[in-house]
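Worksheet: the structure to be examined is printed underneath.
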Protein chains: 2
Amino acid sequence: MTAGNGPAAASGAGDTLAAVVRQWKAVHPDLDTGPMEVIGRINRCAALLQQAEDAPLRHAGLTRPEFDLLGALRRTGLELTPGDLIRETFSSGAAVTKRLKQLTERGLVERRGDTRDRRVAHVRLTDAGRDLVDGILPEQLAYETGVLSGVDDDGQRELAALLGELLVQLEGRLRTPRG
Amino acid sequence: MTAGNGPAAASGAGDTLAAVVRQWKAVHPDLDTGPMEVIGRINRCAALLQQAEDAPLRHAGLTRPEFDLLGALRRTGLELTPGDLIRETFSSGAAVTKRLKQLTERGLVERRGDTRDRRVAHVRLTDAGRDLVDGILPEQLAYETGVLSGVDDDGQRELAALLGELLVQLEGRLRTPRG
DNA sequence: AGCAGGTGTTTTACTCGTGAAAGATATTGC
DNA sequence: GCAATATCTTTCACGAGTAAAACACCTGCT
């Protein structure tokens, strides 16, 4: 969030961000807290979702970034190079290297060198890796459906649309993913 | 995101999540990707915002969690115990201890022991700490206003409201913040 | 051919956060 | 009063991510 978050306590109605915003308004009444209400909530949602979603994955012995990597391989259906995976998962090169090492040792992915360009490697899912992803994904989506059940279908569509708008802006603004 | 994200490439229209969802649908046509469209976008927005927002803070030599801690002290206007800060910033005890050590060394916060209960400490902002927060916060909010400028005011209100709804659900569902 | 510079990947050194255990003090029940 | 237990905070050992440098290899120029 923009400016620290946290619940002063379970303060009656509203989410924790509402309480935080109230506190800031009391200290700096002239401040425009509008952006905080959006960005703060996005960050807090993300944090809580991560804690929650880690549960189904942890059950399979995977971290989210590991699952993202496997998922990228599964959904493209192709062999990907480490460079591709860096771009697909928005991770640093070092992180991808470490994850590939781990996942290879666990027999979930395999590597082979490129015949033409011996700098590059090609990574693909093993059968075990593919089965693992295919097994986890439905559980994950079912769990998420439950998490979102408090928001009705129209609300979910609206949310997805608005976040998509914002995302286009952010993705345009923030050239220079990583290295 | 629920299941790996990433841009297959700059695939025409829509954000990167749209491309990811298309890929999944091609591989698992029967999958209900609805939750992914919401949760994936929340996570991706959070990731991008963090990268972006770190810039103004980094300029002041602060990480976001450090700023969150200072912000909690500033907006409550009170002395807080480490325990309070754990709850306010949703961090682990170990993390708060480390941050307090750093921030104390930098002269941004001060500690004193409790007279009654010698287990607890009380932390408050120094003048320098208060000035730093008051200096950064407007910059931060101005930056965020710019980031959100692609979404009109009604959209922002709608977004804040929907995220608030979701947040209430998540906060209710996820008892057991940390330790 | 040979080298200058670019690209793909890994290694290195380091920071930060975490869970579990320890440490220090309060509180409760006998 | 004193052991048993609970609470607040810090320490420890470790895993994971990062930036920057190193490495390995290709490409284009001369």
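Note on B/Arg99: a side-chain N or O is less than 4.0 Å away from OP1 or OP2 of C/dG17. Listed pair B/Arg58 / D/dA19 fails the phosphate criterion, with no side-chain N or O lying under 4.0 Å from OP1 or OP2. Dashed line: the shortest gap from a side-chain N or O of B/Ser92 to OP1 or OP2 of C/dG17 is not under 4.0 Å.
Side-chain proximity of A/Arg111 to D/dC8, C/dT9, C/dG17: nearest is C/dT9. Here C/dT25 is the nucleotide among D/dT18, C/dT25, D/dT10 with the atom lying nearest to any side-chain atom of B/Arg118. Considering only side-chain atoms of A/Pro82, the nucleotide from D/dT11, C/dT10, D/dT18 that sits closest is C/dT10.
Among the protein residues, A/Lys98 comes within range of the nucleic acid bases, having at least one heavy atom under 4.0 Å from a base atom. Nucleic acid contact for A/Thr63: none, since no nucleic acid atom lies under 4.0 Å from a heavy atom of the residue.
No side-chain donor from either of B/Arg99 and B/Thr89 sits under 3.5 Å from a side-chain acceptor of the other.
Both A/Ala95 and A/Thr115 lie close to DNA chain D; mapped to their nearest nucleotides by heavy-atom distance, the more 5′-ward contact belongs to A/Ala95.
For D/dT7, the base has a donor-acceptor partner in the side chain of B/Arg119 [N/O atoms by modelled type, under 3.5 angstrom].
Taking all atoms of both residues into account, the shortest heavy-atom contact from B/Pro56 to B/Gln140 is CB-OE1, 3.3 Å.
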